[in-house]
Protein chains: 2
Amino acid sequence: MVDSTPRQRNRTEMLRLIRAGQGVTRADLARSTGLSRSAVQAIVSGLLSESQVSELEVEEKGPGTGSGRPGTLLVAVGDPVAGIDFGHNHLHVAIADSFGRLIGDRRIEIDVDLAAEEAMNAAAELLSTLRAEHDVTRLQAVAAGIPGPVDLASGLVQSPTILSGWVGLSPATELGRRIGVPVRIENDAALGALGELYGGAGRNHRDFLYVKASHGIGASLVLGGDLYRGGTGLAGEIGHTHLGGRTELCRCGNRGCLEAVVSVAAVIDQIAHTHPGGDRAAITLESFTDPITERILHESGRILGQVVSDLCNLVNPTAVIIGGELGAAGEAFVQGAEQAIRRYAQPATAAALVVRAAELGNRAELHGALALAARALV
Amino acid sequence: MVDSTPRQRNRTEMLRLIRAGQGVTRADLARSTGLSRSAVQAIVSGLLSESQVSELEVEEKGPGTGSGRPGTLLVAVGDPVAGIDFGHNHLHVAIADSFGRLIGDRRIEIDVDLAAEEAMNAAAELLSTLRAEHDVTRLQAVAAGIPGPVDLASGLVQSPTILSGWVGLSPATELGRRIGVPVRIENDAALGALGELYGGAGRNHRDFLYVKASHGIGASLVLGGDLYRGGTGLAGEIGHTHLGGRTELCRCGNRGCLEAVVSVAAVIDQIAHTHPGGDRAAITLESFTDPITERILHESGRILGQVVSDLCNLVNPTAVIIGGELGAAGEAFVQGAEQAIRRYAQPATAAALVVRAAELGNRAELHGALALAARALV
DNA sequence: TCTTTTTGGTCAAAAAACGAACAAAAAAAC
DNA sequence: GTTTTTTTGTTCGTTTTTTGACCAAAAAGA
């Protein structure tokens, strides 16, 4: 608690509430803080005059409260924010207003894994282009997601087995220097979870598991309505769960890891194998939609679901949201996962659970980055 | 927030802080609430005059703050509390003062699984005997743990595959009627975690996994310093995780469940099998300490550890605490589990992790119940 | 021994929140 | 279509609450 005076404390608390929810009335604030409407009024009018918040003109007011005069919605005022999504071979940059509404975005193909410096330069350039294009002079905050574990305290990239070109770097510092705005770094799966939490399939869930199934498998937990990062910020590293009876060689050196069996590359290998004669390098997840491909996706989803079912028994989430390229590749993958989860999870746990593809698809991470940046300001 | 006036709010907050920590000074309160020492003084003197709290006479004051006058410790005043631990074939009841310090306890052997009514009658009687014995006329709260999932909202016993005699009952209501004091019901593993959190191996951890390995396998999560119950209160049901390549029949009807392979009964079966000629019914976990028994325990721990390692990758705890009869049965079991966890968990996750036997042994659940009862009062 | 640091305690002054009042805006009742 | 009910935003005098300054006490360090 850094605020010294009680007014400061209440002010901060209200600003937090206004920023957290999107569209809060003075009456809502009075209820959730326990203060009187008069006190709220005094503080809010202060915030208004400092233009920290503004009143929303829209006449939106859910009839949830029933009858009565509808309140005027308050929203936090702020400069635009930016989000950066480093994928394994793409880079996606976007700018949004302080509420997380997209202003513009750009995506390029680039080998992010190896050339860390290059990738960060490209990101800074792309962002700079976007800012010029949309006339965004000021940025409030930037958040970036990278496909690997990030140390919570130091901000350094952790695992030596993946992202070899990034290990030991501090992307937050590096990017911050290039962009000139403080940058927050997160694991990409964590950002995906945030994206779905604020504006996707997780909107109505307080406890869910987000699984990003792309070139690797990463997971992220939302517990009690908040991102859970684990004791040392490594929560969600399920990609190297050992599958019994499997011998596929994984890039980590072990055999039978989940992400050696279920990943974009593994699925494409299987597709290529069952569709001989084509060019392996030209095949994508969208190349075929025949029953054989469907079955490959379904079976891959089933394997993932079997692993996830054990995790659901431990965590008892109310939703499992499957993102990443495989989550967006079609119904078969998600259905396979759902089938396995329902089959192997405890009946009561499975009954309280929905399995969904990420609503935001492969843009979940980007939207999560924007949301995080918009909410990063204390 | 039910308190209307700001003084009420601050008062409640301070009472909560005093109850949560054991031994807090006025200066501590000022720091953690952000209020001035004067305001704290006013509120605390009010609490003292209402004898809601009292000053601890002991001159204990850790020199952690360095030099300066030591503060006087405040503790919450309250009536004694009781805890009840229903095991699969035992019943353990205890009374403690409002700080959770044991006043007295009693344990009897009883088949809890089948005869719910009988077990609850026995618990009420035992508690009544204890109260008479230690001259405890007033009880503030009671908490009870049962070896099965409890629905958070309704308080009803859930799973139909275990605790067949308890399904559909509301033990909180039933016990409350018999005892005459509000009773709080929790899953036993959750109580074990609480016991270790407040006064055991979890004291210095904010994120840990507690595993109770007795007749079944149950787990419980402490995340961010608080018990995590899951989206619908079913978190920790890992007993029926499917083990690849195993075919042991489980009481749930499936084959190859973790608790069909690793449990007190399964271990004793193996001991009996390797020590022929004895009476199967007379064997306990303590009957033999020879290398063969050690190896059986070690191997059972290893199987448990393999399952737990996947869970650690998801949750990234800083400790795994192993309780239950197997956790207390000797070093071999816990060592086997630790070995497997270190072998199969992500290196960075394993490095941030300690694996420990429950310090409170098979009394962890009971102490957790007492702690919960002592803290249940808002 | 003397200084420094931290704590518990007191009181007037300042700050903050409350409660009561009123107008406004919508839904519900008539 | 009008009236009633409900909920909200807004203002202001009153009351409550907190602060800030001050002092004595109790330890640790010079």
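Letters go in sequence order (proteins before strands), and every chain restarts at 1.
Rounded to 10 degrees, the angle separating the terminal axes of the helix from C:dT1-D:dA30 to C:dC30-D:dG1 is 30°, with each axis obtained from five end pairs.
The phosphate of C:dT6 has neither OP1 nor OP2 within less than 4.0 Å of any side-chain N or O from B:Arg31. The side chain of A:Asn10 places an N or O atom within less than 4.0 Å of a non-bridging phosphate oxygen (OP1 or OP2) of C:dA17. For D:dT8, neither phosphate oxygen OP1 nor OP2 lies less than 4.0 angstrom from any side-chain nitrogen or oxygen of A:Thr72. For A:Arg9 and C:dA15, the shortest distance from a side-chain N or O to OP1 or OP2 is not below 4.0 Å.
Atom CZ in B:Arg69 sits about 6 Å away from atom P in C:dG8, given to the nearest Å. Atom-to-atom, CE of B:Met14 to P of C:dG8 comes out at 12 Å; the value is rounded to the nearest Å. Here the P atom of nucleotide C:dT7 and the CD atom of B:Glu55 are 15 Å apart, to the nearest Å. In this entry the distance linking CZ of B:Arg11 with C1' of D:dT16 reads 16 Å, nearest Å.
Looking at B:Arg206 and B:Thr318, their side chains never bring a donor and an acceptor atom within 3.5 Å of each other.
As judged by a 4.0 angstrom heavy-atom cut-off over every strand, B:Thr5 is placed among residues touching the sugar-phosphate backbone only.
Residues from residues 35-43 of chain B lying near DNA chain D, meaning a heavy-atom separation below 4.0 Å, are B:Leu35, B:Ser36, B:Ser38, B:Ala39 in numerical order.
In this structure a side-chain-to-backbone donor-acceptor pair under 3.5 Å is missing from A:Asp105 to A:Ala94.
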Worksheet entry | Evaluation steps, side chain to side chain donor-acceptor pair (under 3.5 Å), between A:Ser98 and A:Asp79 | CA-CA 6 Å; A:Ser98 63; A:Asp79 288 330; over 6 Å; no
